[in-house]
Amino acid sequence: MTALSSEAHNGVINSYTNGSTQHNSNLSDNQSTEASGARAFANNAFSHLTLYTGNTMRTGTTGQLNTSLKKSNQELVSAVQDTLLYSVDTARVKGSSITITDETSLGPLAADRSLYEVTVKMFYLSATEGTPLSVEQLTVAFAELETAMGIPDIKIDHFILSLPHQSFDENGLDESEVEAFTTEIKTSVLPVWKKLSELRQSGRIGRLGVAEFSKQQLEILKTLATAEGANAVAPEVNQVNLQDCCVLPRDLINYAKEQGIELLTHGDAVEILPKNTFTALLQPYLPGAAASLTPNFVLKYSAFITSRGLVAKKGYIVDASSA
Amino acid sequence: MGLLSLGTPMHWDEAKKYADHVRTHGIIQFLNLWEATKDSQKDCLLWGDEIEYMVVSYDEENKKAKLSLRVWEILQELAKEEEEAAKDPAKKLLVNSSWHPEYGRYMLEGTPGEPYMGLPRDLLEVERNMKLRRELACKFMKPNEVPITLTSYPRLGCAGEGLDPHHDPHGPAARSLFVPDEIINAHARFPTLTANIRRRRGAKVAINMPIFHDKNTPKPFIDPTIPTYNDYPEDKNAIEEGAALPDHIYMDAMAFGMGCCCLQITFQAVNVEEARKIYDQMAPLGPIMLALTAAAPIYRGYLSDVDCRWNVIAQSVDDRTEEERGLKPLKNNKYRIAKSRYDSIDSYISNDPSNKPEYNDIPLVFDEDIYKKLSDNGIDNLLARHISHLFIRDPLVIFHELLNIDDNESTDHFENLQSTNWQTMRFKPPPSKTSPIGWRVEFRSMEIQLTDFENAAFAIFIVLVTRAVLSFNTNFYIPISKVDENMKVAHHRNAVLDEKFYFRKQIFPQSRPGTPAAGTPFGSPKLSNATLPRTAATNNSATSGASLAPGLDRSDEYELMTINEIINGAPSKGFPGLLGLVNSYLNTLNIDIETRCEISKYLELIKKRANGTLMTAASWMRQFVQNHPDYKQDSVVSEKINYDLVKMIEKINKGEVQAPELLGNFSV
């Protein structure tokens with residue numbers, strides 16, 4: 001059995017696999033009876049999958065977390081497991097696309113939009129090094145967010161772009177590393193960053209940021225974004241790991257203060273949804289598609305009622321397709 | 001504490017004639033208020049803390065620490081500051097606090113000038129404001145005076161010169177063998193309250209706390225320091241009538257209870273439903289927080305076998321007659337009443353579906369006529385029961401001038417009874433029809449801590465727990481009789497580490513069986529449920545919120561847990577703990593690193609007190625006494641030990657001395 005990012009999950013995934021064996025034998029025993037929804041398309045190969053998890057604040061997923069873990073994807077894995085268990089039967093299949101939606105995620109925000117602070121973090125996952133992150137996926141992401149939140153033309157108060165493999169390194173970059181990072185930003189990140197900047201400038205995004213950047217990396221992004229003709233914005237937010245919040249390097253703190261960059265805490269694993277993990281999660285439910293589907297991105301969203309200090313909604317959207 | 005109306009209060013013989021008058025009009029006033037405010041919505045979380053201080057006066061020459069009875073003078077000065085601040089915005093920033101008298105003439109109560117808000121960065125205000133209050137209070141004290149936040153003053157009521165200025169005990173109001181009437185706040189309300197409790201009860205209050213038997217403590221312990229007097233009939237209570245129990249520390253006045261200090265937190269809810277929900281959810285936490293904040297191990301100069309003040313206060317205002325206490329058959333009184341008017345709550349009040357009837361398992365004594373009146377006027381069953389239960393008590397202080405008031409404008413008679421039912425939670429309607437303040441809940445069980453850092457930590461922790469409760473829609477319900485059992489256990493010496501408390505196992509009502517969130521830990525074989533279709537899952541009664549027939553045995557919903565498990569979680573059981581919940585909540589918010597770092601420190605204190613890395617104030621004080629060179633292992637806390645203890649507390653507060661077993665590396 002392939003390992004998941006969080007070791008603790010191994011037992012769970014093994015059980016699911018055992019469960020699915022039992023599942024298949026039932027299928028052959030009950031050939032004459034009406035097959036359930038899941039069984040009907042279980043062996044299909046899908047070219048695209050979208051999964052909307054439940055409101056993790058209400059399903060107990062978020063509350064149950066082991067908060068001492070340094071960086072974790074426990075919440076996402078837990079939420080996806082939960083959703084597959086309870087909602088795969090009611091999935092919508094359209095051609096070779098499947099959409100699985102947890103019923104607790106549906107429903108618009110209960111009160112006036114102005115009362116909420118909506119935060120979205122987009123984890124780009126499947127980019128190959130050297131190729132640009134897909135701007136088209138950004139459009140897909142926004143459409144999926146609107147579905148999840150039940151709000152058309154949604155405005156996002158905080159939008160965080162998370163790059164694949166980006167992890168905070170307090171050691172400075174040497175010359176060659178600076179060059180490599182600059183190239184990476186220019187070719188991979190800038191197209192998406194420009195699109196996001198447009199949304200920022202038109203008011204659909206309130207504050208635009210990144211995650212796990214060092215001071216040098218923030219400077220490089222700013223330089224490239226605000227260069228002549230780039231028409232992009234400098235980053236306004238940088239997420240840093242929770243466990244480091246009391247020991248961040250001074251240069252980053254000072255730079256952030258000068259530039260008006262909010263340093264906000266987070267606890268997300270760098271590799272939020274490795275392909276192996278995703279395959280293992282899907283295997284018991286969609287054995288036909290599990291191996292071929294690769295996650296494109298994960299969206300993590302939350303809605304916070306600022307005046308009362310309450311989290312109204314939190315969830316994930318997983319978008320995957322086959323090559 | 002309570003109301004401070006002006007006027008001439010009635011002697012009990014007169015007041016008792018107007019008990020029904022006050023009750024009847026109190027209910028009318030409540031109904032009028034209800035009509036006007038039941039749909040009120042307040043969009044902001046606003047909350048505040050109340051800190052109570054004792055003012056100590058040192059006699060440096062003789063190495064004595066006395067209680068200063070000069071507080072009313074200090075309060076006059078503070079009131080002037082507040083007045084000036086109200087007119088001058090610049091001054092307001094420096095003062096930003098509000099000051100009130102309390103029962104003891106040596107006590108001060110301070111609250112923040114403006115309520116706090118609910119975002120993490122607002123929480124950083126709390127310690128700052130508490131420190132500001134302490135500084136301000138010091139400003140008007142003499143050089144030999146100092147305000148300390150200590151739950152129970154160790155040598156209150158000891159013979160000798162423990163008060164500044166000195167007064168002999170045994171005045172007409174309290175008739176106490178140990179404390180003078182001059183220990184009571186001079187405002188007419190307080191001595192009247194004291195005397196009327198005594199008159200109604202038919203005897204002095206009798207407080208007995210078990211003594212801590214140390215190596216040289218006599219067994220049985222018969223207190224040699226109980227004086228004999230022959231002036232009042234109550235003088236017979238202690239020894240002749242046996243009110244002073246052997247092996248106990250006997251106290252005979254309201255001052256021993258209401259002269260204790262505590263930490264109270266009040267929140268405004270968005271509406272009445274949310275207020276009722278928070279009231280219910282926080283109620284089971286009362287005994288947990290009492291054990292965690294334990295800071296009162298010493299009474300009348302003796303080390304006791306309890307670590308907290310709650311039962312002392314309960315007994316100190318117990319106005320129940322012998323009939324009401326079940327010692328004589330009911331003749332003049334209407335009800336047999338199980339508890340003092342100061343004690344833990346007797347019923348849950350929320351209409352939330354997770355509040356099952358089985359949880360209200362204490363037979364509730366309530367006024368049937370008042371219940372009917374409330375019910376007929378649209379008050380639902382649970383709220384009507386709650387209020388008609390509060391109203392079984394008699395009003396103890398009635399002012400002649402305020403007897404007849406406009407029930408449409410005033411809520412004085414309602415507040416009379418509402419504010420003299422002192423419980424672990426208080427459900428507070430808006431103060432008036434037109435007030436901008438909404439429905440509130442008060443959390444009242446915590447003991448005051450020695451430093452502002454600790455008081456801020458506990459206040460912040462409670463606020464964050466309420467935010468987590470509402471964000472996760474948690475369910476902490478256990479039968480209320482179990483909450484009462486927890487209250488008893490919370491008093492035990494070192495309960496925080498040595499005792500277990502009933503707590504609900506599955507705190508997420510909407511989690512679905514077979515998932516990790518349902519309390520099944522990762523890797524559990526219980527996941528064989530995974531192949532069940534959804535409809536079968538709802539029959540899994542132990543974990544889901546499925547509806548069950550009333551009268552069901554809910555005993556498998558809760559179990560005994562240690563404070564460490566309740567606060568820090570039990571990973572093997574899939575129980576996150578209150579800190580786990582708070583951290584999961586905080587990790588969902590956009591918080592900047594500075595704020596998160598600061599808040600982490602407060603939460604770290606809570607964690608360490610719960611897992612025993614750091615001692616509670618009660619344990620620390622015991623250790624201090626027992627290690628003191630003057631201590632003779634006989635449970636006696638001498639004047640010298642008392643002086644050194646108070647001095648030490650002062651120095652710790654000022655940062656002059658470290659107390660690593662109490663505070664670790666935290667800076668105060």
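From a predicted model like this one, the values you see are computed outputs, not experimental measurements. So you know, we letter chains A, B, ... as the sequences are listed, proteins then strands, and number each from 1.
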* Drop me the distance from B:E594's CD to A:L263's CG, to the nearest 0.5 angstrom. => 9.0 Å
* Give, for atom CG of B:L581 and atom CG of A:L65, the distance between the pair rounded to the nearest 0.5 Å. => 10.0 Å
* Let me know if A:V240 has heavy atoms under 4.5 Å from chain B in its side chain, its backbone, both or neither. => side chain
* CD1/A:I261 to CG/B:D592 distance, rounded to the nearest 0.5 angstrom? -> 14.0 Å
* Structure fact -> Smallest heavy-atom separation, B:P576 atom then A:G63 atom, equals CB-O, 3.3 Å
* Walk me through it: do A:L264 and B:I591 pass the test side chain to side chain contact (heavy atoms under 4.5 Å, CB included)? => CA-CA 5 Å; A:L264 302 179; B:I591 309 184; 5.8 Å; no
* Short side-chain donor-acceptor distance under 3.5 Å, B:D43 and A:S307 -> no
* A:L84 versus chain B, heavy atoms under 4.5 Å apart: side chain, backbone, both or neither? -> neither
* Structure fact -> Nearest heavy-atom contact between A:R308 and B:R467 is O-NH1, 2.7 Å
* **Separation between CD1 of B:I599 and OG1 of A:T265, rounded to the nearest 0.5 Å** => 9.5 Å
* To do: Write down the atom of B:L470, the atom of A:R58, and the distance for their closest heavy-atom approach.
  => O-NH2, 3.2 Å
* **Flag, side chain of B:S584 to backbone of A:T62, donor-acceptor distance under 3.5 Å** => yes
* Enclosure of B:R121 CZ (heavy-atom neighbours >12, cutoff 6.0 Å) -> no
* **Rounded distance (nearest 0.5 Å) linking atom CE of A:M57 with atom OG1 of B:T588** => 5.0 Å
* Structure fact -> If you tally heavy-atom pairs under 4.5 Å between each of B:G580, B:S471, B:G577 and chain A, the highest tally belongs to B:S471
* Pick one of side chain, backbone, both or neither for A:L248, based on which atoms fall under 4.5 Å of a heavy atom in chain B. => side chain
* Asked: Any chance NZ of B:K607 has more than 12 other-residue heavy atoms, nucleotides or ligands included, within less than 6.0 Å?
  -> no
* Of all the heavy-atom pairs spanning A:Q64 and B:F508, show the shortest one and how long it is. => OE1-CE1, 3.0 Å
* Structure fact -> Honestly, the part of B:Q268 sitting under 4.5 Å from a heavy atom of chain A is neither
* Working to the nearest 0.5 Å, report the span between OG1 of B:T466 and CG of A:L310. => 8.0 Å
* Measuring heavy-atom distances to chain A, does B:L119 have an atom under 4.5 Å in its side chain, in its backbone, in both, or in neither? -> side chain
* Asked: Looking at B:N587, B:N590, B:T595, which makes the most heavy-atom pairs under 4.5 Å with chain A?
  -> B:N590
